[in-house]
Structure formats: structure tokens, C-alpha cells
Amino acid sequence: MKNIPFAFALSLLLVGGTSASADEVTYAGPGGLYQELMKSTTFDPAKAKYGLTVNLDNIKSIADARMQVQSGNPSWDIVEVPEQQCRSAEAATLFEDIDYSLVANAADMPENLKGKNWIGGFTRYAMVLVWNKKTYGDNPPSSWADFFDVEKFPGTRAMYNQPRMMAELTLLGDGVDKATMYPLDVDRAIQKMEGFRKNITVFYETYGQATQLLANGEIDMMALTNGRASAVTAEYDHFAYTLNEGIADNGCLAILKGSKNREAAMKALNAFIDREFQANIGAQSTYGPVNPKAFEVGTISADKMALLPTYAPVLEKMLLLDAGWWAKNEVDVVPRWLRMMQK
């Protein structure tokens, strides 16, 4: 290399020395144990396989993403929020259109999880029925109809203090078939809950509060997310839960308008849905990977598949929440639900 100009030789060394970390993005997600799981199963392996560095931050709500974009200088590149927020009219002003030529792994994904300016989040979770085996013994509840049957299944109960998912499980408990669930019969759900709410001991505000209620022995039966339910049943063997009639929902991943690392962010989305990383998530948690090809990798055991909300035989037992319906109607449903709760 003695005849090569020094500046050119130096540029070659720099290119070779930085390729492994050339792509760097900042992801803002819900934080906590969930984000730690994504770090170990996806973000860390993505550095080796894709040369991608992922910096982490937390997002509390879509309002945080809105503020970032309106600032004109967002510090985040990718956010993870509930799917309905990616399906809202606001998405067009907050998120970059996806360049699917840079997201080749999207070929594995279901069409309903590939939006114009978003893609399905890492996982799917479900709202499920949890109960205390000491209370119900050999006659446990197995459906939302049982949850609403206080004569056959007496005991304390808890629900999440919001209409989303609670309206669906109320209608299932009132005999509505999941195949005809949408559009939601909001009037029927409110009427059913108005007459039943006296039987709910606690309308909890956070999942942490919910799990504490179970741990303290205050609640016999509860609607809770499957990840939390799995953790509770692992720690306390007198609790059980069923995936039957679970209400499944997804998150979504999107790139903020004005991202300074737009192309790297597209490549990051590609890495995030890599079937191998998705299989890692399924093997190490009860969150269901959104990439169906994850179940073909060989990492997830048959026993674990039976606990995952995206495994086809399990999903058949569930109701898939219509995020598009909620994106259009939540602004009307929430005030009506709150008024009913305050009567």
C-alpha cells in the first residue's frame, strides 16, 4: 500500500473498521421486563448478525411520539405502540412510509401486519381468565360466561379499568359469538357491565396492581394478560389460567417522521422481525412471535408453542382484537364507558 495516498488508505481502514456498527438507531418501547427480553432476544443478536446498534428509551403513550415529531428534531427513530395507534388517522402525520425493499423479512409476515407506515410489533399478547385453584377446586371456570356466572362461581373478581378488551370479554360473557364480534355492540356491553359491576371487587389501573391483588389472595378470578398470568402461575402454584377465549392484540413498530437515521431504521425493522430472533422470543417467554416462520426454526418446544397466542391451534380458541375498529371508535367508546362506571 506504499503507493496509495495516505488519505485514501485511511478511508479504507475507517470503512473496514466501522462496518459492524455503521447502523445505529434509537428504539423507544414500553420498558420493563418486556424491553429486557427484546434486548436479549433481538437487539443484542442484531448487532452480530446485522451490524445494528440499538439504543433504548421508553415511550409512555403516543403523545410522546407526537411531541418528538413536532419538535422537528426527534431523538427517537423507532417506536413501539399499540396497533390501533398505528392504524389511526394520525399515523400518516407521525410515521414514515415503510420501504419494504429494505425490510425483506416482511415476506414472512401476515398481510394484516404490514401497514403503509407501520409493521407488526415484536409480539402478540392476550387478555385471559385467571383463577385461584383453592377457591374453585375441581370445578374451575373456563370461559367469560363463567366469569359472569356468580352463582356457579362465587368469589371476588377484578377487571382492567378500561373498555378496550373489557368490552369484548363482557360481550363474550353475554353470549356474543367471536365470529360476529365486530362492529362491537357497545350498547349491549355497557348494559351488561352496568348490571354486573357490583360483582367486581376491584377495577385495577395497572398490571402490577393486578398481580399484587392475586399475590395477596384478595381476588379469586381476574382478567389479566397472559404474560402476567404465566408469571403468577409460575410463582404461585395455586393459580391457573386458560387461553380459551383469550382476547389477542398486537403492538406495532413505526419510524418517526424526521428520523435522522431513516434507512438504518428500515434495516432495524427488518432485523426486529427476523424469524430466528422471533423464535428466541417465543422460546423465552409466553409472548407470541408475530412472524409465523418463527415456529419453523426449531427453537420453540411443542409445550411452549401451546402457550403462545400466535400459534395457530391456540389462536383458533381466541378472539383477535380489531385494532382498526378501536382506532376509529375509541374516542367515542371511552367517555360512554366512564360515564357508566361513574353512575
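All values derive from a computational prediction rather than experimental measurement.
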[atom1]/[X]: more than 12 non-hydrogen atoms of other groups inside 6.0 Å:
| X | atom1 | value |
| --- | --- | --- |
| Gln209 | CD | yes |
| Lys178 | NZ | yes |
| Lys317 | NZ | no |

Closest contact, heavy atoms only, [X] versus [Y]:
| X | Y | value |
| --- | --- | --- |
| Asn291 | Asn105 | ND2-O, 4.4 Å |
| Glu151 | Pro154 | O-CD, 3.7 Å |
| Gly115 | Ile98 | O-CG1, 4.2 Å |
| Glu83 | Asn112 | OE2-O, 4.3 Å |
| Val103 | Ile119 | CG1-CD1, 4.2 Å |

- Message: Between Glu194 and Lys343, does any NZ, NE, NH1 or NH2 come within less than 4.0 Å of an OD or OE carboxylate oxygen?
- Response: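 Yes, charged N to carboxylate O under 4.0 Å.
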- Task: In plain terms, say whether Asp146 and Lys152 are close enough for a salt bridge, that is, a side-chain N and a carboxylate O under 4.0 Å apart.
- Result: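 Result for this pair is no, no salt bridge flagged.
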Contact check, side chains of [X] and [Y], non-hydrogen atoms, under 4.5 Å:
| X | Y | answer |
| --- | --- | --- |
| Met193 | Met159 | yes |
| Asp108 | Ile273 | no |
| Met38 | Phe277 | no |
| Asp23 | Glu263 | no |
| Met221 | Val130 | no |
| Cys252 | Pro82 | no |
| Val25 | Asn55 | no |
| Phe43 | Leu52 | no |

Restricting to salt bridge (Lys or Arg N to Asp or Glu O under 4.0 Å), what partner residues turn up for [X], sequence neighbours left out?
| X | value |
| --- | --- |
| Lys260 | none |
| Glu245 | none |
| Arg197 | none |
| Arg228 | none |

Same cluster (ILVMFWY, side-chain, under 4.5 Å), [X] and [Y]:
| X | Y | answer |
| --- | --- | --- |
| Trp326 | Ile190 | yes |
| Tyr236 | Trp131 | yes |
| Met166 | Tyr207 | yes |
| Val333 | Ile62 | no |
| Phe203 | Val334 | no |

Can you sort out the partners of [X] under side chain to side chain contact (heavy atoms under 4.5 Å, CB included), two or more places apart, ordered by chain and number?
| X | value |
| --- | --- |
| Asp97 | Lys116, Asn117 |
| Asp237 | none |
| Ser101 | Asp99 |
| Asp322 | Tyr182, Trp325 |

- Would you please classify the geometry between the Phe148 ring and the Phe196 ring as parallel, tilted or perpendicular, with 30° and 60° separating the classes?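 Plane angle between 30° and 60°, so tilted.
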- Task: Give the ring-plane orientation class for Tyr27 versus Phe272, where under 30° counts as parallel, over 60° as perpendicular and anything between as tilted.
- Result: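 Ring orientation, 0 to 90° scale: perpendicular.
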Among side-chain atoms of [X] and [Y], is any donor-acceptor pair under 3.5 angstrom?
| X | Y | value |
| --- | --- | --- |
| Asn73 | Gln68 | no |
| Gln212 | Asn216 | yes |
| Glu80 | Tyr34 | yes |

- Query: Tell me, which pairs form a salt bridge (charged side-chain N to carboxylate O under 4.0 Å, His left out) where one or both residues lie in residues 129-145, sequence neighbours left out?
  - Reply: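 Qualifying pairs: none.
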- Task: Could you note down all residue pairs passing salt bridge (charged side-chain N to carboxylate O under 4.0 Å, His left out) where residues 55-72 supplies at least one of them, sequence neighbours left out?
- Result: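 Non-adjacent pairs meeting salt bridge (charged side-chain N to carboxylate O under 4.0 Å, His left out): Arg66-Glu90.
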- Message: Going by side-chain contact (heavy atoms from CB on, under 4.5 Å), Met181 matches just one of Leu171, Ile247, Leu320, Leu321. Which one?
- Response: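 The single option meeting the side-chain contact (heavy atoms from CB on, under 4.5 Å) with Met181 is Leu171.
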- Item | Residue from Glu168, Met127, Met165 passing side-chain contact (heavy atoms from CB on, under 4.5 Å) with Asp249 |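 Of the listed options, the one satisfying the test is Met165.
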- Kindly indicate, with the supporting measurements, whether the criterion salt bridge (charged side-chain N to carboxylate O under 4.0 Å, His left out) is fulfilled by Glu96 and Arg262. CA-CA 8 Å; Glu96 297 280 352; Arg262 182 179 178 277; 3.5 Å; yes
- Item | Test side-chain hydrogen bond (donor to acceptor under 3.5 Å, both in side chains) applied to Tyr125 and Asn250, step by step | CA-CA 7 Å; Tyr125 71 99; Asn250 301 301; over 6 Å; no
- Message: Tell me which pairs pass ring pair (Phe, Tyr, Trp, His ring centres under 6.0 Å) where either residue lies in residues 57-85, with sequence neighbours left out.
- Response: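 Qualifying pairs, neighbours excluded: none.
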- Begin from the C-alpha positions of Ser142 and Asn244 and carry the test side-chain hydrogen bond (donor to acceptor under 3.5 Å, both in side chains) through to its verdict. CA-CA 7 Å; Ser142 62; Asn244 182 50; 5.2 Å; no
- List the steps and the verdict of side chain to side chain contact (heavy atoms under 4.5 Å, CB included) for Thr211 and Leu224. CA-CA 8 Å; Thr211 53; Leu224 185 63; 4.2 Å; yes
Acceptor/donor pairs from residues 295-316 side chains to any protein atom, 3.5 angstrom cut, sequence neighbours excluded:
| residue | atom | partner | partner atom | Å |
| --- | --- | --- | --- | --- |
| Ser301 | OG | Lys304 | N | 3.1 |
| Lys304 | NZ | Ala283 | O | 3.0 |
| Lys304 | NZ | Ser285 | O | 3.3 |
| Thr310 | OG1 | Pro289 | O | 2.8 |

- Go through Asp220 and Asn132 one step at a time and tell me if the side-chain hydrogen bond (donor to acceptor under 3.5 Å, both in side chains) criterion holds. CA-CA 5 Å; Asp220 298 311; Asn132 190 326; 4.6 Å; no
- Task: Could you tell me whether Arg124 sits above the aromatic face of Tyr287, with NZ or CZ closer than 6.0 angstrom to the six-membered ring centre and within 45 degrees of the axis?
- Result: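 No, a cation-pi geometry is absent between Arg124 and Tyr287.
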